[in-house]
Amino acid sequence: MKLEKLIENVKKRLSEKRFYHSYCVMERAVEIAKKMGYDEQIAAKVGIAHDIAKEIPNEEKLKYVEENNIKIDEIERENPGLLHAKIGQDIAIKELGFTKEMAQAIRAHTTGIENMSMLDKILFIADRTSKERGFSDIEYLNQLLNDNIDKAVLYIIDKKIILQIEKKASMHPDSIIARNWLIKNGNI
C-alpha cells in the first residue's frame, strides 16, 4: 500500500489526537531511519500504522485476539491496552500488506522483544521521542541515539520498567527479555 493511502486508512481509524501522535511517530521514524541508513519509506509506514489498533475498545480487543487466534498471556489479558501491538501486527499483515518484519516492529513497539531488528528499534525509539511527547530527557535520549541505538533502546526500556515499579504495576516479561537480550547481545 502506498504511503498516502496508508495515511488515509490510519486517519479513518483513529481520533485526531491519536492520529497526530502517529503522524509525529512517522516523521520521527523517518528521521531515525535516515540516521541509521535504513529504508525511510518502510520506517514511515510502520510509524504511521503503529497504533492502528490502539483505540479499539478493550472488550473488542479481547474478542479480536480470540477470533484471530492471537496468543496472549495473563498480563495482556489483565491489561488489554497492551494488545494493540499484537492486534496492530495482525491488521498490518492482513489488511495493509505489511511484511512480517514491518508487522513485527508494530508488535515490538510497546514492550520491546528479544532480538529486536533495526526496524523494531527505530519504531520503539520513535514512539517515545516523537515531537508531541515533550519528555524532559529528550536531549539525553538523542545523545544516546547519536552514540548507539542499542543504548537508546535500553534507556527507554529501563525508564518503562522504573515507571511500572513506581506505579506498583505488573511488568510485561517481553520488556525484561528485551532488556536482557540487549545487555547480552547489543552494542552497549
Side-chain angles (χ1 to χ4, degrees), residues 14-15 17-29 31-32 43 46-59 61-62 65 70-89 104-188:
L14 299 176
S15 67
K17 182 179 178 182
R18 180 62 50 190
F19 176 75
Y20 179 67
H21 164 70
S22 295
Y23 198 87
C24 291
V25 170
M26 176 187 73
E27 291 177 329
R28 180 67 170 146
E31 183 182 311
I32 297 168
V46 298
I48 195 67
H50 81 283
D51 271 350
I52 198 160
K54 182 79 170 181
E55 294 180 329
I56 297 172
N58 286 342
E59 285 182 21
K61 284 180 181 137
L62 291 167
V65 295
I70 297 173
K71 186 178 175 189
I72 65 171
D73 57 40
E74 200 53 42
I75 292 173
E76 292 164 328
R77 190 171 302 289
E78 292 170 10
N79 185 3
L82 288 172
L83 294 176
H84 81 279
K86 286 184 175 178
I87 294 170
Q89 175 184 30
Q104 177 181 288
I106 292 173
R107 155 73 180 86
H109 88 270
T110 306
T111 60
I113 58 170
E114 184 175 23
N115 199 20
M116 291 174 78
S117 71
M118 179 58 72
L119 184 57
D120 296 343
K121 294 172 188 178
I122 289 168
L123 181 58
F124 189 79
I125 295 168
D127 187 37
R128 171 65 163 67
T129 63
S130 56
K131 68 182 177 186
E132 88 293 353
R133 291 282 199 189
F135 289 116
S136 61
D137 59 354
I138 192 70
E139 287 305 317
Y140 177 70
L141 218 156
N142 282 332
Q143 288 173 2
L144 287 176
L145 179 59
N146 287 336
D147 182 39
N148 179 312
I149 194 167
D150 289 344
K151 288 180 182 177
V153 172
L154 181 63
Y155 176 78
I156 292 169
I157 291 172
D158 285 351
K159 293 288 277 191
K160 287 179 177 237
I161 289 170
I162 290 166
L163 181 63
Q164 292 303 96
I165 289 169
E166 288 172 351
K167 293 185 336 188
K168 297 194 182 339
S170 59
M171 201 171 305
H172 198 278
D174 282 350
S175 295
I176 305 298
I177 291 167
R179 183 179 191 279
N180 291 345
W181 181 84
L182 277 167
I183 289 170
K184 185 176 179 185
N185 302 294
N187 188 14
I188 303 297

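Note that the numbering runs from 1 along the sequence shown for the chain.
Every residue meeting the side chain to side chain contact (heavy atoms under 4.5 Å, CB included) condition with Ser15, not counting sequence neighbours, appears here in chain and number order: Lys17, Arg18, Glu55. For His84, the ring-ring contact (aromatic ring centres under 6.0 Å, His included) partners at least two apart in sequence or on another chain are His109.
For residues 175-188, every residue pair satisfying the side-chain hydrogen bond (donor to acceptor under 3.5 Å, both in side chains) rule, not counting sequence neighbours, is listed here: Asp158-Arg179.
No more than 12 heavy atoms of other residues, nucleotides or ligands sit less than 6.0 Å from atom CZ of Arg77.
When atom types are taken as modelled, the side chain of Lys86 and the backbone of Lys71 share a donor-acceptor pair closer than 3.5 angstrom.
Under 4.0 Å is where a charged nitrogen must lie from a carboxylate oxygen, and between Asp137 and Arg128 at least one such pair does. Ion pair Arg107/Asp120 not flagged as a salt bridge, since none of the NZ, NE, NH1 or NH2 atoms sits closer than 4.0 Å to an Asp/Glu carboxylate oxygen.
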Original post:
What do the steps show when you test Leu14 against Ser22 for side-chain contact (heavy atoms from CB on, under 4.5 Å), and what is the final call?
Top reply: CA-CA 9 Å; Leu14 299 176; Ser22 295; 3.6 Å; yes
Original post:
Can you check side-chain contact (heavy atoms from CB on, under 4.5 Å) on Glu114 and Asp174, steps first, answer last?
Top reply: CA-CA 7 Å; Glu114 184 175 23; Asp174 282 350; over 6 Å; no
Subject >> Check against side-chain contact (heavy atoms from CB on, under 4.5 Å), Ile177 and Thr111 >> reply: CA-CA 10 Å; Ile177 291 167; Thr111 60; over 6 Å; no
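Screening Thr129, Ile48, Asp51, Leu123 for a side-chain contact (heavy atoms from CB on, under 4.5 Å) with Val25, the sole residue that qualifies is Leu123.
Between Leu154 and Leu182 the shortest heavy-atom distance is N-CD1, 3.9 Å. Closest approach of Ala126 and Ile32 over heavy atoms only: N-CD1, 3.8 Å.
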